[in-house]
Asks: 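If you scroll down you'll find the structure; I have some questions about it.
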Amino acid sequence: MVKDNIVKVRERIVAACSKVNRDPSDIKIVAVSKGRGVEDIKEAVSFGLTDIGENRIQEALEKYNELRAESRGLAIRWHMIGHLQTNKVKDALGIFDLIHSVDSLALAQEINKRAAQINKIQDILIEIKTSPEATKFGLDSNKAPEIIQDISRLQNINIKGLMTIAPLANHQEEARPYFKKLRQIRDSINLSYSLSMGMTDDFEVAIEEGAEIIRIGRGIFES
Ligand SMILES: *Cc1c(COP(=O)(O)O)cnc(C)c1O
């Protein structure tokens with residue numbers, strides 16, 4: 001079932017890429033396994049999805065430890081996609097290869113401090129709020145360039161790109177302005193930054209607008 005879902009997601013990626021002349025192999029799928037068990041993760045990995053996304057530290061820690069104990073050598077890259085509180089940074093650094101949700105200088109400074117203590121250079125994305133919805137996390141898009149400058153000076157942090165979440169919508173076309181905006185911000189700051197944008201319901205549009213990383217949960221794990 002996970003296998004069939006992955007086949008469908010890959011077909012959708014190929015179709016979206018062909019619309020805008022992109023190479024499907026340039027799109028990285030992060031399989032979002034929040035709320036799912038380790039069996040689901042193992043299944044996704046066995047079909048080639050080795051990038052796994054989680055949004056809560058405690059849940060991620062449990063799965064990380066379980067998988068490490070039972071299947072040494074399972075090559076998973078762990079992605080933190082949820083809001084990260086400063087008091088959870090220490091645990092996060094022990095698990096995650098890429099943190100998508102850095103949304104303040106204070107959080108970046110804490111990551112930098114903790115990373116220095118364990119001699120890690122932590123790869124991160126900067127989460128940007130591209131929509132006016134008050135409840136969303138993410139840096140204010142007007143302030144982002146300056147704050148990213150400050151974060152980029154931190155020695156134990158490596159900024160790999162930008163992330164955004166589009167608001168819930170009835171049609172994925174409604175997400176396009178937010179993805180476009182993230183791309184414009186990226187183009188104005190650093191062209192080598194990757195864009196993490198697009199989920200089950202809107203990833204085709206995200207790909208059309210330049211996403212390199214898409215985060216898919218329901219599309220892979222739901223029956
Ligand atoms: C849950 C989640 C996803 C995946 O959402 P689906 O709609 O299940 O594909 C992607 N990104 C973030 C930040 C999430 O919390």
Side-chain angles (χ1 to χ4, degrees), residues 1-13 15-16 27-37 40-41 43-45 47 49-64 76-85 88 92 95-104 107 123-131 133-139 141 160-176 178-179 181-183 194-223:
M1 190 182 60
V2 167
K3 182 188 179 187
D4 297 338
N5 286 345
I6 293 172
V7 168
K8 281 184 204 130
V9 166
R10 290 197 194 283
E11 284 169 359
R12 286 173 61 186
I13 291 171
I27 312 293
K28 183 181 289 301
I29 304 170
V30 173
V32 177
S33 53
K34 65 187 182 201
R36 325 273 170 180
D40 279 332
I41 295 178
E43 211 176 338
V45 170
F47 295 114
L49 300 189
T50 51
D51 288 84
I52 298 296
E54 289 283 339
N55 69 338
R56 290 171 53 233
I57 297 297
Q58 191 53 39
E59 188 180 333
L61 203 55
E62 283 163 21
K63 294 175 196 174
Y64 176 87
I76 293 177
R77 271 177 54 83
W78 293 87
H79 297 248
M80 174 56 178
I81 60 169
H83 183 64
L84 180 58
Q85 291 170 297
K88 300 280 172 62
I95 303 174
F96 293 105
D97 298 288
L98 182 63
I99 299 173
H100 291 227
S101 47
V102 177
D103 63 355
S104 72
L107 176 59
D123 286 341
I124 66 161
L125 305 177
I126 306 289
E127 181 173 353
I128 295 183
K129 192 165 118 79
T130 49
S131 72
E133 278 182 27
T135 52
K136 283 263 159 58
F137 294 110
L139 279 181
S141 53
K160 304 287 273 187
L162 309 178
M163 184 272 246
T164 200
I165 304 171
L168 283 177
N170 292 319
H171 193 277
Q172 61 168 305
E173 205 51 50
E174 292 168 46
R176 191 182 298 277
Y178 308 108
F179 297 148
K181 185 161 179 185
L182 193 69
R183 184 188 186 141
S194 297
L195 300 174
S196 166
M197 56 190 196
M199 324 201 313
T200 298
D201 291 334
D202 58 20
F203 74 76
E204 282 101 336
V205 165
I207 288 171
E208 287 173 33
E209 295 301 330
E212 280 100 3
I213 304 172
I214 57 176
R215 309 177 306 266
I216 313 291
R218 289 167 303 127
I220 290 168
F221 294 112
E222 226 166 65
S223 43

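Each ligand, and each atom within it, is numbered from 1 in the order the structure gives. Computation of the quantities below employed the complete heavy-atom set of this structure, encompassing side-chain atoms and omitting hydrogens, waters and symmetry-equivalent molecules.
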Asks: Which residue and non-hydrogen atom of the protein lie closest to atom 9 (O) of ligand 1, and at what distance in Å?
Replies: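 Residue, atom and distance for the closest contact: Thr200 OG1, 2.4 Å.
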
Asks: Got a second to check how far Ile207's CD1 is from Phe179's CZ, nearest 0.5 Å?
Replies: 10.0 Å

Asks: Within the distance-only criterion (no hydrogens, no angle test), does the side chain of His79 pair as donor or acceptor with the backbone N or O of Ile81 below 3.5 angstrom?
Replies: no

Asks: With a cut-off of 4.0 Å, which atoms of ligand 1 are near a heavy atom of Ile165?
Replies: 13 (C)

Asks: Starting from atom 7 (O) of ligand 1, find the nearest protein heavy-atom neighbour and note its residue, name and distance.
Replies: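 Among all protein heavy atoms, the one nearest atom 7 (O) of ligand 1 is Arg218 NH2, 2.8 Å.
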
Asks: Quick check: closest heavy atoms across Ile214 and Met197, and the distance to 0.1 Å?
Replies: CG2-O, 3.5 Å

Asks: Relative to ligand 1, is His100 under 4.0 angstrom through side chain, backbone, both or neither, heavy atoms considered?
Replies: neither

Asks: Could you list which atoms of ligand 1 come closer than 4.0 Å to a heavy atom of Ile216?
Replies: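 The list of qualifying atoms is 9 (O).
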
Asks: Would a distance-only check, ignoring hydrogens and angles, find a side-chain to backbone donor-acceptor pair under 3.5 Å from Asp103 to Phe137?
Replies: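 Looks like no, no N/O pair under 3.5 Å.
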
Asks: Which heavy atom of the protein is the closest neighbour of atom 12 (C) of ligand 1, given with residue, atom name and distance?
Replies: Ile81 CD1, 3.5 Å

Asks: Work out which heavy atom in Lys63 is nearest to a heavy atom in Gly35; give both atom names and the distance.
Replies: NZ-N, 3.9 Å

Asks: Please name the pair of heavy atoms, one in Ser196 and one in Leu182, separated by the smallest distance, quoted to 0.1 Å.
Replies: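 Taking Ser196 first and Leu182 second, the nearest heavy atoms are O-CD2, 4.4 Å.
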
Asks: Please list the nearest protein heavy atom to atom 1 (C) of ligand 1 with its residue and the distance rounded to 0.1 Å.
Replies: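 Nearest protein contact, heavy atoms only, for atom 1 (C) of ligand 1 is Lys34 NZ, 1.4 Å.
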
Asks: Short list, please: which atoms of ligand 1 are under 4.0 Å from a heavy atom of Gly217?
Replies: 4 (C), 6 (P), 8 (O), 9 (O)

Asks: Tell me: protein heavy atom nearest atom 11 (N) of ligand 1, and distance?
Replies: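 Looking at atom 11 (N) of ligand 1, the protein heavy atom closest to it is Arg215 NE, 2.9 Å.
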
Asks: Could you tell me whether Lys8 and Glu11 have a side-chain N and a carboxylate O separated by less than 4.0 Å?
Replies: no

Asks: Quick one: closest heavy-atom pair of His83 and Met80, and the distance?
Replies: O-CE, 3.6 Å

Asks: Do any heavy atoms of Asp201 fall under 4.0 Å from ligand 1?
Replies: no

Asks: Quick test: of every protein heavy atom, which one is nearest to atom 10 (C) of ligand 1, and how far off is it to 0.1 Å?
Replies: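 Checking every protein heavy atom, the shortest distance to atom 10 (C) of ligand 1 gives Met199 SD, 3.1 Å.
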
